[in-house]
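Here the structure is laid out as structure tokens; the discussion comes afterwards.
Computation of the quantities below employed the complete heavy-atom set of this structure, encompassing side-chain atoms and omitting hydrogens, waters and symmetry-equivalent molecules.
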Amino acid sequence: MCTVFAIETDRPDLLKIEAALKKTESRGPDDQRIAVLDNAVLGFQRLSIMGVASTGMQPFFLGENAAICNGEIYGFRPMKEELQQKGYQFVSESDCEILLPLYEEYGTDMFAMLDAEYACVIYDGKSGHLIAARDPIGIRPLHFGYTPQHEIVFASEAKNLVGLVDQIFPFPPGHYYKDGEFICYRDMREVDEVIHDDLETVCQGIHDRLVDGVLKRLDSDMPVGYLLSGGLDSSLVCAIGAAQSDKPIETFAIGMDTDAIDLKYARQVAEYIGSNHHELIMTEQEVLDTLEEVIAELGTFDITTIRASMGMYLICKKIHQISDVRVLMTGEISDELFGYKYTDFAPNAEEFQKESEKRVHELHMYDVLRADRCISTHSMEARVPFGDLEFVKYVMAIDPAMKMNTYNMGKYLLRHAFEADHLLPESILFRQKAAFSDAVGHSMADDLKAYAEAKYTDAQFAQKASQYTWSAPFTKESLLYREIFEKYYPGQAQMIAGFWMPNPNWEGCNVNDPSARVLSNYDQSGN
């Protein structure tokens with residue numbers, strides 16, 4: 001990961017800018033540069049992944065223009081060759097160096113051409129204005145706000161903007177900013193034509209696109225590792241990666257010291273695919289001691305995101321301490337496409353698709369935010385194969401009636417797509433889902449709830465919760481998280497759409513806890 005920071009101003013306060021960047025030093029620990037331009041300042045903190053030589057340090061310059069980008073641009077080499085044929089010269093092996101030539105050739109049309117996870121800011125020297133853009137899913141973070149002097153500021157993380165702007169906003173995924181407007185260049189919710197192919201054809205399409213999504217994310221100049229929970233999604237990513245590697249891949253799993261039900265499943269997967277597997281343990285005290293730190297890094301008060309971040313944050317911390325891995329492959333974004341446990345209650349295919357559209361649209365505030373912060377805080381980069389644009393586009397277009405759980409097995413299409421490959425044991429491929437926050441150990445969420453219960457009396461909870469109008473806390477646990485959030489991001493709760501919860505309008509889904517454990521269809525996932 002890297003940090004991008006940009007402010008459109010002709011009277012910069014460099015001390016404030018340096019202080020803002022200091023908050024994300026671990027995101028880009030290898031180098032830092034602040035470039036003062038005629039009407040703007042660009043700041044960049046680098047984590048070297050592609051083209052690691054110093055020539056890959058940003059900002060890049062071309063004529064009067066400059067650019068900074070936190071991203072991975074897949075398939076950049078053919079684009080680079082085309083640009084070279086047009087006379088452009090490159091000084092580094094960085095994928096992001098192609099952005100300025102692309103801008104010179106295509107203007108803002110370039111953003112729709114990118115197969116990438118990215119957040120970038122371009123300074124147009126001719127106009128003296130900034131142009132910013134973010135990938136269509138929002139895998140790479142970008143926020144913005146306006147100073148009291150009405151100057152627009154862009155930054156990778158909300159913490160960069162605290163104290164600089166009045167209100168912090170998430171930059172909308174799939175949009176670019178130019179001349180005061182946010183323009184959508186790609187909406188992943190939109191389906192051009194519904195796919196009504198037969199089951200085998202659809203599953204082959206899923207299979208091939210996911211394999212391709214993993215393969216393109218293996219391109220790295222730094223060591224790659226894999227997070228492995230033992231669940232379907234991470235196990236598939238690991239198995240595909242292992243099948244394409246000529247040496248054992250590095251896999252990492254974490255669990256509580258008391259009841260980590262998925263450690264044994266992760267171990268089974270690791271043994272089956274022949275990975276170099278690492279089991280890491282966390283304790284109740286570690287969880288409680290790290291809670292405030294996690295919320296400060298995440299910039300959210302959402303219950304689900306925080307619970308699921310505890311294990312991910314601690315495993316990433318431990319990975320950074322024990323290995324040289326700097327790129328982590330993860331299994332996020334599968335649930336939003338193929339369904340959660342609660343989407344079994346969708347009343348019809350239309351409602352299932354609407355829910356999927358909502359989840360994909362909001363991913364940047366929940367699971368994707370979690371993966372980015374947990375990994376980047378420990379100076380590593382997240383790669384998300386299920387977020388591959390072609391894969392997401394294809395799955396979103398599949399007839400939603402096929403994606404609904406009419407098979408007595410959630411995510412059946414994804415499971416069946418890899419059944420013939422035997423990349424995973426059938427016991428793993430067709431194992432019922434456990435939520436990550438539960439899979440690391442049911443006791444973890446229970447410990448957090450018990451800690452919150454002991455912190456507030458019922459009267460204190462009622463009084464404190466009533467102070468909030470936006471996404472008011474509804475349990476003592478949610479109040480605990482909100483108070484910590486407000487300590488670091490005062491008055492910025494509207495950055496998050498609200499609490500991630502099952503659709504309360506569906507029968508069986510109007511619950512008071514986001515864990516799938518409270519749903520009537522939650523199956524035992526193994527003990």
Side-chain angles (χ1 to χ4, degrees), residues 1-13 16-21 23-24 27-28 34-35 37 39-45 58-59 66-71 99 103 108 111 116-124 127-187 298-300 361-366 368-369 372-373 376 470 488-497:
M1 298 299 185
C2 301
T3 307
V4 295
F5 179 96
I7 179 170
E8 194 169 291
T9 182
D10 57 3
R11 47 187 185 281
D13 186 330
K16 281 188 175 181
I17 292 170
E18 288 172 358
L21 283 168
K23 297 175 182 178
T24 48
R27 185 176 190 91
I34 296 173
L37 309 172
N39 296 297
V41 176
L42 301 182
F44 188 74
Q45 291 169 321
Q58 302 181 38
I68 48 177
C69 180
N70 167 31
L99 292 175
Y103 179 66
T108 52
F111 299 121
E117 302 162 1
Y118 75 96
C120 77
V121 183
I122 294 171
Y123 174 70
D124 186 309
S127 68
H129 292 307
L130 295 175
I131 294 164
R134 190 179 188 187
D135 70 74
I137 293 175
I139 291 175
R140 295 303 169 93
L142 192 60
H143 294 76
F144 73 97
Y146 299 89
T147 68
Q149 292 75 39
H150 309 293
E151 301 160 326
I152 193 164
V153 193
F154 302 100
S156 288
E157 295 193 26
K159 66 170 70 75
N160 298 121
L161 298 179
V162 171
L164 286 181
V165 303
D166 297 325
Q167 193 71 45
I168 302 170
F169 304 93
F171 193 103
H175 285 66
Y176 67 84
Y177 167 90
K178 184 181 181 183
D179 297 332
E181 289 187 79
F182 290 86
I183 299 160
C184 181
Y185 68 87
R186 185 167 186 181
D187 187 340
L298 290 174
T300 188
H361 185 60
E362 295 179 348
L363 259 168
H364 65 287
M365 290 182 279
Y366 301 105
V368 163
L369 179 150
D372 176 85
R373 300 304 188 279
S376 68
W470 181 268
Y488 292 94
Y489 303 90
Q492 303 296 338
Q494 292 187 47
M495 292 191 302
I496 307 299

OG1 of Thr300 to CZ of Arg373, rounded to nearest 0.5 Å, is 9.5 Å

To the nearest 0.5 Å, atom CG of Asp10 lies from atom CD of Glu151 at 7.5 Å

Would Tyr177 and Ile152 count as a side chain to side chain contact (heavy atoms under 4.5 Å, CB included) here? Give the steps.
CA-CA 11 Å; Tyr177 167 90; Ile152 193 164; 3.5 Å; yes

query: Within the side chain of Asn70, is there an N or O that forms a donor-acceptor pair under 3.5 Å with the backbone of Cys2?
result: yes

Compare all side-chain heavy atoms of Ser376 with those of Thr3 and state whether any distance is below 4.5 angstrom. no

Residues Tyr489 and Gly299: closest non-hydrogen pair is CE1-CA, 3.4 Å

Of all heavy-atom pairs linking His364 and Pro173, the shortest is ND1-CG, 3.5 Å

May I ask you to decide whether Lys23 forms a salt bridge with Glu157, counting only side-chain N to carboxylate O separations under 4.0 Å?
no

Residues Leu142 and Ala133: closest non-hydrogen pair is CD2-O, 3.8 Å

CZ (Arg27) and CG (Asp372) are apart, to the nearest 0.5 Å, by 4.0 Å

Exercise. Is there side-chain contact between Asp166 and Pro148, with at least one heavy-atom pair below 4.5 Å?
Worked result: yes

*Parallel, tilted or perpendicular: which describes the rings of Phe171 and Phe144, with under 30° parallel and over 60° perpendicular?*
perpendicular

Notebook entry, point to check: Donor-acceptor pair, His143 side chain versus Ser156 backbone, under 3.5 Å?
Noted result: yes

Less than 4.5 Å apart, side chain to side chain, heavy atoms only: is that true for Tyr366 and Ile496? yes

Exercise. If only atom types and distance count, is the side chain of Gln494 paired as donor or acceptor with the main-chain N or O of Trp470 below 3.5 Å?
Worked result: no

The residue among Phe182, Tyr118, Phe154, Phe111 that forms ring pair (Phe, Tyr, Trp, His ring centres under 6.0 Å) with Tyr176 is Phe111

- Item | Minimum side-chain heavy-atom gap His175-Cys184 below 4.5 Å | yes

**Request:** Ignoring hydrogens and angles, tell me if any N or O in the side chain of Arg134 forms a donor-acceptor pair with the backbone of Arg140 under 3.5 Å.
**Result:** yes

Between the OG1 atom in Thr24 and the CG atom in Asn160, the distance rounded to the nearest 0.5 Å is 4.0 Å

Note: Ala66 and Leu42 closest approach over all heavy atoms is CB-CD1, 3.8 Å

Would you say that Val121 contacts Tyr123 through its side chain, given a criterion of any heavy-atom pair below 4.5 Å between the two side chains? no

**Report entry** More than 12 heavy atoms of other groups within 6.0 Å of His361 NE2
**Finding:** no

Margin query: Just so I know, are the side chains of His129 and Asp124 near enough to count as touching, which here means a heavy-atom distance under 4.5 Å?
Written below: no

So CD of Gln45 and CD1 of Ile34: to nearest 0.5 Å the spacing works out to 8.5 Å

The side-chain contact (heavy atoms from CB on, under 4.5 Å) partner of Val153 among Thr147, Val41, Ile17 is Thr147

Next item on the list: Begin with the C-alpha distance, continue with both residues' side-chain angles, and end with the deciding distance and a verdict on side chain to side chain contact (heavy atoms under 4.5 Å, CB included) for Tyr185 and Ile183.
Entry: CA-CA 6 Å; Tyr185 68 87; Ile183 299 160; 5.9 Å; no

Scanning both residues in full, the closest heavy-atom pair of Leu21 with Gly43 reads CD1-CA, 4.2 Å

Looking only at heavy atoms, the pair that brings Ile168 and Val165 closest together is CG1-CG2, 3.7 Å

In this structure, CD of Gln149 is separated from OG1 of Thr9 (nearest 0.5 Å) by 8.0 Å

query = Does CD in Glu181 sit with more than 12 non-hydrogen atoms of other residues, nucleotides or ligands closer than 6.0 Å?
reply = no

